[in-house]
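Chain letters run A, B, ... following the sequence lines, proteins first, then strands; residues in each count from 1.
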There are 2 protein chains.
Amino acid sequence: MDHDIVLAQLAALADPSRFHILQLLARGSVATSCERIEAFENGCCVGDVVAETGLSQPTASHHLKALEKVHLVRREVRGPWTCYFPNPEAIEEVTARLRSELLPSAPRVDAPQGGCC
Amino acid sequence: MDHDIVLAQLAALADPSRFHILQLLARGSVATSCERIEAFENGCCVGDVVAETGLSQPTASHHLKALEKVHLVRREVRGPWTCYFPNPEAIEEVTARLRSELLPSAPRVDAPQGGCC
DNA sequence: CTATGATATTGATGCTCGTCAATATCGATG
DNA sequence: CATCGATATTGACGAGCATCAATATCATAG
């Protein structure tokens with residue numbers, strides 16, 4: 001089902017470590033140690049996440065892989081580095097789906113003035 | 001921290017059962033068995049969720065409580081029934097926070113035309 | 001007060017997941 | 001090939017959670 005991707009993305013977003021990683025990528029505030037990422041790209045490598053978050057290297061790698069699996073980040077191998085980049089479209093998609101599925105699309109039926117209880 | 005509420009709301013949204021409950025409430029498609037809910041209110045009672053989802057009564061009660069804890073639904077006791085109503089403001093808040101925290105606010109620094117790699 | 005219908009709580013169970021240590025893989029460089 | 005830096009994988013552990021059965025609470029009608 002196409003439905004599942006939204007739930008998977010929400011689950012990915014709900015973890016504090018992963019949310020933090022996405023924040024770092026979104027604000028482009030990572031001074032990366034990767035020689036193959038230009039400043040304007042707002043990307044980082046696994047080691048950068050380790051340095052910024054204090055997570056162990058396997059944990060950082062694990063979370064980045066999870067984020068890439070639901071397309072919240074884009075992954076690119078550049079020589080010895082694995083580079084990750086934010087994917088704003090995915091954020092837009094999640095918020096759009098949340099709104100379309102969980103907000104009343106049509107204006108509600110007119111309610112009587114007096115209330116009920 | 002005010003930060004935690006967003007993560008808690010995302011975690012609440014990420015569960016299939018809870019997401020389904022919110023969908024039912026959002027589209028106002030629950031023909032409730034509660035005598036004290038008017039049609040225009042788009043609310044339902046615990047028993048309605050049991051009937052619509054097939055979950056056990058304790059599980060439905062548990063999920064509704066969890067949704068209320070993060071303000072995704074509003075709770076109101078009406079006689080023997082506990083009634084739940086959608087809270088669209090919370091959905092708007094979550095999506096707004098997602099966008100403000102995970103999307104680049106300022107336009108990115110101008111990138112060189114040629115790309116890099 | 002008693003009985004009944006509606007919901008909440010408790011206890012238990014199985015599963016998922018976040019985390020790290022240890023180890024393996026992989027690319028680049030001599 | 002041998003080495004080194006960067007990342008991925010494996011294995012294990014513990015915490016949290018979704019779920020249900022059984023039971024308790026609570027409101028209302030009689």
Side-chain angles (χ1 to χ4, degrees), chain A residues 4 7-22 24-25 30-37 43-70 72-85 117, chain B residues 4 7-22 24-25 30-37 43-70 72-85 117:
Chain A
D4 288 341
L7 293 179
Q9 287 173 323
L10 288 170
L13 289 167
D15 179 76
S17 299
R18 287 191 293 259
F19 195 91
H20 187 206
I21 293 173
L22 289 177
L24 295 173
L25 286 172
V30 183
T32 184
S33 66
C34 173
E35 302 167 4
R36 306 215 191 159
I37 296 180
C44 73
C45 63
V46 179
D48 297 333
V49 171
V50 172
E52 297 261 6
T53 64
L55 294 171
S56 73
Q57 180 270 322
T59 302
S61 177
H62 167 69
H63 282 315
L64 287 167
K65 182 178 180 179
L67 288 172
E68 196 259 346
K69 185 175 182 183
V70 297
L72 284 168
V73 299
R74 187 169 46 85
R75 172 194 163 117
E76 195 172 323
V77 176
R78 295 184 180 177
W81 292 277
T82 305
C83 307
Y84 290 91
F85 305 92
C117 306
Chain B
D4 289 343
L7 293 179
Q9 287 173 322
L10 288 171
L13 288 167
D15 179 78
S17 299
R18 287 191 293 259
F19 195 92
H20 187 206
I21 293 173
L22 289 177
L24 295 173
L25 286 172
V30 184
T32 184
S33 66
C34 173
E35 302 166 5
R36 306 213 192 161
I37 297 181
C44 75
C45 62
V46 179
D48 297 333
V49 172
V50 173
E52 297 260 6
T53 63
L55 294 171
S56 73
Q57 180 270 323
T59 302
S61 177
H62 166 69
H63 282 315
L64 287 166
K65 183 178 179 179
L67 288 173
E68 196 261 345
K69 186 175 181 183
V70 296
L72 284 169
V73 298
R74 188 169 46 83
R75 172 194 164 117
E76 195 172 323
V77 176
R78 296 184 180 179
W81 292 277
T82 305
C83 307
Y84 291 90
F85 305 92
C117 305

Report summary line: Applying side chain to side chain donor-acceptor pair (under 3.5 Å) to A:Thr32 and not counting sequence neighbours gives A:Asp48
Query raised in the report: With B:Arg74, which residues qualify under salt bridge (charged side-chain N to carboxylate O under 4.0 Å, His left out), at least two apart?
Result: B:Glu76
Query raised in the report: Rounded to whole angstrom units, what separation is found between the CD atom of B:Glu76 and the C1' atom of C:dT7?
Result: 16 Å
Query raised in the report: Any side-chain heavy-atom pair from B:Glu35 and B:Pro80 closer than 4.5 angstrom?
Result: no
Query raised in the report: Among all residues two or more places apart in sequence or in another chain, which pass the side chain to side chain contact (heavy atoms under 4.5 Å, CB included) test with B:Thr53?
Result: B:His20, B:Ile21, B:Leu24, B:Val49, B:Leu55
Requested in this report: Return no unless some side-chain N or O of B:Arg78 is found under 4.0 Å from OP1 or OP2 of D:dC26.
Outcome: no
Query - Under-4.0 Å side-chain N/O to phosphate OP1/OP2 contact, B:His63 with D:dC17 - result: no
Report task. For A:Thr59, enumerate each residue passing the side chain to side chain donor-acceptor pair (under 3.5 Å) test, keeping only those at least two apart in sequence or located in another chain. Result -> A:Ser56
Query raised in the report: Taking atom P of D:dG16 as reference, at what distance in whole Å does atom NZ of B:Lys69 sit?
Result: 12 Å
Report summary line: Under a 4.0 Å heavy-atom criterion, the protein footprint on nucleotides 6-11 of chain D, written with B, S and -, is SBBB--
Requested in this report: Could you pull out all residues at least two apart from B:Ala14 that satisfy side chain to side chain contact (heavy atoms under 4.5 Å, CB included)?
Outcome: A:Leu10, A:Ala11
Query raised in the report: What pairs with B:Ala12 under side chain to side chain contact (heavy atoms under 4.5 Å, CB included), at least two apart in sequence or on another chain?
Result: B:Arg18, B:Leu67, B:Val70, B:Leu72
Query raised in the report: Considering only heavy atoms, which members of residues 7-19 of chain B lie under 4.0 Å from some atom of DNA chain C?
Result: none
Query raised in the report: With a 4.5 Å heavy-atom cut-off, do B:Arg78 and B:Ile37 have their side chains touching?
Result: yes
Query raised in the report: Expressed in angstrom and rounded to an integer, what is the separation of B:Leu55 atom CG from D:dC17 atom P?
Result: 17 Å
